Amino acid sequence: MEVMSDILRAIRVVGSVYFCSQVEAPWTKTFQDLDYASFHMIRRGACWANVDGQIEKLEAGDLIFLGPGQNHVLSSLSPEKRKPDLDDSTLLLCGSFSFSRTATTPLMDVFPRMTIVRDKDFLDHPWLRSTFDQLSAEYMSQGPGSELIVNKLTEIILVELIRINFGRKQSSSFLDALNDKRISRALQLLHDNPEQSWTLAAVASQIGMSRAAFASRFSSLVGQPMFGYLTNLRMQKAQELLRESLLPVYEIAEQVGYDSERAFTLAFKKHIGITPRQFRTQ
């Protein structure tokens with residue numbers, strides 16, 4: 001999880017709750033044109049979820065997670081004639097995860113477009129269920145410091161959802177990469193020392209693979225060649241240093257693996273669209 005934690009820190013996941021209330025039938029909530037990931041927990045009652053035509057009934061205790069930008073509809077009204085409308089009042093807890101960094105990362109591919117954790121699944125994750133209980137209570141209390149606690153708990157929930165998905169059969173190759181002993185080790189090497197002058201041969205040697213086999217397996221599981229991944233990682237680290245430190249640009253260039261400020265500036269502008277100095281000013 002060290003690599004995933006580093007990715008989450010780099011892109012600055014911000015979690016929040018924006019709705020926790022009881023709705024009376026008939027009701028419909030439409031979520032579209034989103035630039036963030038969403039989650040909804042059915043605290044009481046039930047509803048229908050329509051995600052691009054895929055229909056799921058959510059009951060008390062169920063959680064649905066929607067990937068970034070995924071349009072969806074929640075409703076007491078059945079989206080299909082052969083299924084009944086729901087008459088019970090429903091208590092919804094709705095939140096979001098926004099990502100404040102624009103650097104390319106594999107995080108967006110960790111989840112499928114929709115993940116559902118059923119009430120019975122929480123038996124294997126009692127800590128997560130208690131986190132949702134506390135999250136709901138804090139949001140409803142609106143006491144001093146509640147907003148901060150709610151946001152932090154929501155961010156923790158995202159990490160827990162990622163951990164749950166590690167144990168499921170998913171189509172995300174990046175999860176496979178993190179579960180692959182050698183490729184995971186390679187990723188850890190890159191994240192621990194992005195400034196080092198890594199070569200395919202050097203990384204392959206440290207994880208006990210041939211250069212060709214490592215290059216092929218890394219690209220297959222991570223979704224891009226090692227040097228592309230390393231460059232993106234360096235750009236993430238550079239953005240963090242530009243935003244949060246007073247280091248001069250040439251020192252930041254050295255810390256993220258560039259021999260000169262000019263080479264770093266050219267690479268940064270190619271990937272981010274502006275120079276490091278312009279980024280820091282903005």
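In what follows, every heavy atom counts, from backbone to side chain, and hydrogens, waters and symmetry copies are set aside. The model shown is predicted, which means the values in this text are computed figures rather than measured ones.
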Colleague: I'd like to know if D62 pairs up with R43 as an ion pair, taking the criterion as any Lys NZ or Arg NE/NH1/NH2 lying under 4.0 Å from an Asp or Glu carboxylate oxygen.
Modeller: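 No salt bridge links D62 with R43.
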Colleague: Return the minimal non-hydrogen interatomic distance between S146 and Q142, and the atom names on each side.
Modeller: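 That would be OG-C, 3.7 Å.
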Colleague: When clusters are formed by joining ILVMFWY residues with side-chain heavy atoms under 4.5 Å apart, either directly or through shared neighbours, do V73 and F19 land in the same one?
Modeller: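 As far as the 4.5 Å side-chain criterion goes, F19 and V73 are not connected within one cluster.
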Colleague: Would S16 and S96 count as a side chain to side chain donor-acceptor pair (under 3.5 Å) here? Give the steps.
Modeller: CA-CA 6 Å; S16 65; S96 66; 3.3 Å; yes
Colleague: Check whether any side-chain N or O of T90 sits under 3.5 Å from a backbone N or O of A46 as a donor-acceptor pair, and report yes or no.
Modeller: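 Indeed, once roles are kept as given, a pair shorter than 3.5 Å links the two residues.
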Colleague: Between CD of E195 and CD of Q255, what distance do you get to the nearest 0.5 Å?
Modeller: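 The distance works out to 8.0 Å.
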Colleague: Honestly curious: do F31 and I55 fall in one hydrophobic cluster under the side-chain, below-4.5 Å linking rule?
Modeller: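 Not linked; separate clusters.
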Colleague: Return the OG to CG distance between S76 and D87, rounded to the nearest 0.5 Å.
Modeller: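 Going from the OG atom of S76 to the CG atom of D87 covers 8.0 Å.
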Colleague: Which pair of non-hydrogen atoms, one from S78 and one from P84, has the smallest distance, and what is that distance?
Modeller: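 In terms of heavy atoms, the two residues are closest at CB-O, 3.5 Å.
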Colleague: Check the pair V17 / L135 against side-chain contact (heavy atoms from CB on, under 4.5 Å), numbers first and verdict last.
Modeller: CA-CA 9 Å; V17 169; L135 180 63; 3.7 Å; yes
Colleague: Do F39 and L66 come within less than 4.5 Å of each other through their side chains, counting heavy atoms only?
Modeller: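 A side-chain contact under 4.5 Å is absent here.
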Colleague: So, the side chain of H72 versus the backbone of Q70: is there a donor-acceptor pair under 3.5 Å, distance only?
Modeller: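 Here the side-chain-to-backbone pair exists.
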Colleague: Decide side-chain contact (heavy atoms from CB on, under 4.5 Å) for L128 and E160; before the verdict, give the C-alpha distance in whole Å, the side-chain angles of both, and the deciding distance to 0.1 Å.
Modeller: CA-CA 7 Å; L128 182 56; E160 286 299 303; 3.8 Å; yes
Colleague: Would you say L77 ends up clustered with L74 if hydrophobic residues are merged whenever their side chains have heavy atoms under 4.5 Å apart, either directly or through other cluster members?
Modeller: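 L74 and L77: separate clusters.
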Colleague: Quick check against the 3.5 Å criterion: does S260 have a side-chain atom that pairs as donor or acceptor with the backbone of A263?
Modeller: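 Yes, because the side chain of S260 sits within donor-acceptor range (under 3.5 Å) of the backbone of A263.
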Colleague: Is any side-chain heavy atom of M226 closer than 4.5 Å to one of L190?
Modeller: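 With C-beta onward as the side chain, the pair touches.
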Colleague: Taking NZ, NE, NH1 and NH2 as the nitrogens, is one of them in K152 or E147 under 4.0 Å from a carboxylate oxygen of the other?
Modeller: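 No, K152 and E147 are not salt-bridged.
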Colleague: State whether D88 and R44 are salt-bridged, where the test is any N-O pair (Lys NZ or Arg NE/NH1/NH2 against Asp/Glu carboxylate O) under 4.0 Å.
Modeller: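 Looking at R44 together with D88, the answer is no, because their closest N to O distance does not fall below 4.0 Å.
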Colleague: Hey, can you tell me if Y229 and F218 have their rings parallel, tilted or perpendicular (30° and 60° cut-offs)?
Modeller: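 Plane angle over 60°, so perpendicular.
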Colleague: Check whether S205 reaches the backbone of A201 with its side chain - one donor and one acceptor, N or O, closer than 3.5 Å.
Modeller: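 Not at all, since once roles are kept as given, no pair shorter than 3.5 Å links the two residues.
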Colleague: Is R118 salt-bridged to E56, going by a charged N under 4.0 Å from an acidic O?
Modeller: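 Yes.
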Colleague: Do W27 and K29 come close enough that some side-chain heavy atom pair is under 4.5 Å?
Modeller: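 Sidechains of K29 and W27: in contact.
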Colleague: What is the distance from atom CE of M235 to atom CG of L230, rounded to the nearest 0.5 Å?
Modeller: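 Separation between the atoms: 9.0 Å.
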Colleague: Give, for atom CD of Q239 and atom CZ of R243, the distance between the pair rounded to the nearest 0.5 Å.
Modeller: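 That separation rounds to 6.5 Å.
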Colleague: Go through it in stages, so that I can follow the logic: the residues are Y36 and F97, the test is ring pair (Phe, Tyr, Trp, His ring centres under 6.0 Å), and I'd like the CA-CA distance, side-chain angles, deciding distance and then a yes or no.
Modeller: CA-CA 6 Å; Y36 52 81; F97 305 108; 9.6 Å; no
Colleague: Can you tell me how far CD1 of I64 sits from SG of C94, rounded to the nearest 0.5 angstrom?
Modeller: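 Spacing of SG (C94) from CD1 (I64) equals 10.5 Å.
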Colleague: Measuring only between side-chain heavy atoms, which start at C-beta, is I274 closer than 4.5 Å to K269?
Modeller: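 No. Closest side-chain heavy atoms not under 4.5 Å.
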Colleague: With a 4.5 Å cut-off on side-chain heavy-atom distances among I, L, V, M, F, W and Y, is there a chain of contacts connecting L86 to L63?
Modeller: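 Per the 4.5 Å side-chain linkage, L86 and L63 are not co-clustered.
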Colleague: Do the non-hydrogen side-chain atoms of V23 and L91 ever get within less than 4.5 Å of each other?
Modeller: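 No, every pair of side-chain atoms sits at 4.5 Å or beyond.
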Colleague: Could you label the plane-to-plane angle of the F264 and Y258 rings as parallel, tilted or perpendicular, counting under 30° as parallel and over 60° as perpendicular?
Modeller: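 Plane angle between 30° and 60°, so tilted.
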Colleague: Crowded around Q206 CD? As in, over 12 foreign heavy atoms under 6.0 Å?
Modeller: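 Yes.
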Colleague: Measure across A177 and L221 and return the closest heavy-atom pair with its distance rounded to 0.1 Å.
Modeller: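 Between these two residues, the closest heavy atoms are CB-CB, 3.7 Å.
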Colleague: Are the side chain of N193 and the backbone N or O of Q196 linked by a donor-acceptor pair below 3.5 Å?
Modeller: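 Side chain of N193 to backbone of Q196, a donor-acceptor pair under 3.5 Å: no, none is there.
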Colleague: Hey, mind stepping through S184 and N179 against side-chain contact (heavy atoms from CB on, under 4.5 Å) and telling me if it holds?
Modeller: CA-CA 7 Å; S184 178; N179 281 319; over 6 Å; no
Colleague: Can you give me the closest heavy-atom contact between N50 and P79, atom names plus distance?
Modeller: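 It is ND2-CB, 4.0 Å.
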Colleague: Heavy-atom count check: over 12 atoms from other residues, nucleotides or ligands less than 6.0 Å from R217 CZ?
Modeller: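 Not buried by this count: 12 neighbours or fewer within 6.0 Å.
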Colleague: Between K83 and E80, is there a salt bridge with N-O shorter than 4.0 Å?
Modeller: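 Looking at K83 together with E80, the answer is yes, because their closest N to O distance falls below 4.0 Å.
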Colleague: Just by distance, do the side chain of E254 and the backbone of E251 share a donor-acceptor pair under 3.5 Å?
Modeller: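 Here the side-chain-to-backbone pair does not exist.
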Colleague: Atom CG of residue position D52 - does it have more than 12 heavy atoms of other residues, nucleotides or ligands inside 6.0 Å?
Modeller: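 Counting other residues, nucleotides and ligands, CG of D52 exceeds 12 neighbours.
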Colleague: Quick one: closest heavy-atom pair of K237 and P194, and the distance?
Modeller: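 Smallest heavy-atom distance, with atoms named: CG-CG, 4.1 Å.
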Colleague: If you apply the rule side-chain contact (heavy atoms from CB on, under 4.5 Å), what do you find for V249 with F268, and how did you get there?
Modeller: CA-CA 11 Å; V249 173; F268 192 93; over 6 Å; no
Colleague: Take atom CG of L246 as the centre, draw a 6.0 Å sphere, and report whether it contains more than 12 heavy atoms from other residues, nucleotides or ligands.
Modeller: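 Counting other residues, nucleotides and ligands, CG of L246 stays at 12 neighbours or fewer.
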Colleague: Nearest 0.5 angstrom please: I156 CD1 to Q134 CD, how far?
Modeller: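 Rounded to the nearest 0.5 Å, the CD1-CD separation comes to 8.5 Å.
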Colleague: Taking N71 for the side chain and D33 for the main chain, is one N or O donor matched with an acceptor at less than 3.5 Å?
Modeller: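 Yes, the answer is positive, given that a donor and an acceptor are paired below the 3.5 Å cut-off.
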Colleague: Side chains of I252 and R280: does their closest heavy-atom pair fall under 4.5 Å?
Modeller: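 Heavy-atom side-chain distance check passes, below 4.5 Å.
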Colleague: Are the side chains of Q22 and E24 in contact, using a 4.5 Å heavy-atom criterion?
Modeller: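 Yes. Closest side-chain heavy atoms under 4.5 Å.
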Colleague: I'd like to know if the side chain of S141 reaches the main chain of E138, judged simply by a donor and an acceptor atom lying under 3.5 Å from each other, with no hydrogens or angles considered.
Modeller: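 Answer holds: yes.
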Colleague: At their closest point, which heavy atom of D121 faces which heavy atom of I116, and how far apart are they?
Modeller: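 Here D121 and I116 meet closest at OD2-O, 4.4 Å.
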Colleague: With a 4.0 Å cut-off on N to O distance, would you call R129 and D119 a salt bridge?
Modeller: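 The answer is yes: the pair qualifies as a salt bridge.
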Colleague: Taking side chain as C-beta onward, heavy atoms only, is D85 less than 4.5 Å from P26?
Modeller: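 No, too far: nothing below the 4.5 Å cut-off.
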Colleague: Tell me whether the rings of F122 and F132 are parallel (<30°), tilted (30 to 60°) or perpendicular (>60°).
Modeller: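 Ring orientation, 0 to 90° scale: perpendicular.
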Colleague: Is there a donor-acceptor pair under 3.5 Å between the side chain of T154 and the backbone N or O of V150?
Modeller: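 It does hold such a pair.
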Colleague: Give a yes or no answer on whether the side chain of T265 reaches the backbone of E261 with a donor-acceptor pair at less than 3.5 Å.
Modeller: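 Yes, the answer is positive, given that a donor and an acceptor are paired below the 3.5 Å cut-off.
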Colleague: Do W48 and L93 belong to the same hydrophobic cluster, where Ile, Leu, Val, Met, Phe, Trp and Tyr are linked whenever their side-chain heavy atoms lie under 4.5 Å apart, directly or via other members?
Modeller: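 Unlinked, W48 and L93 end up in two clusters.
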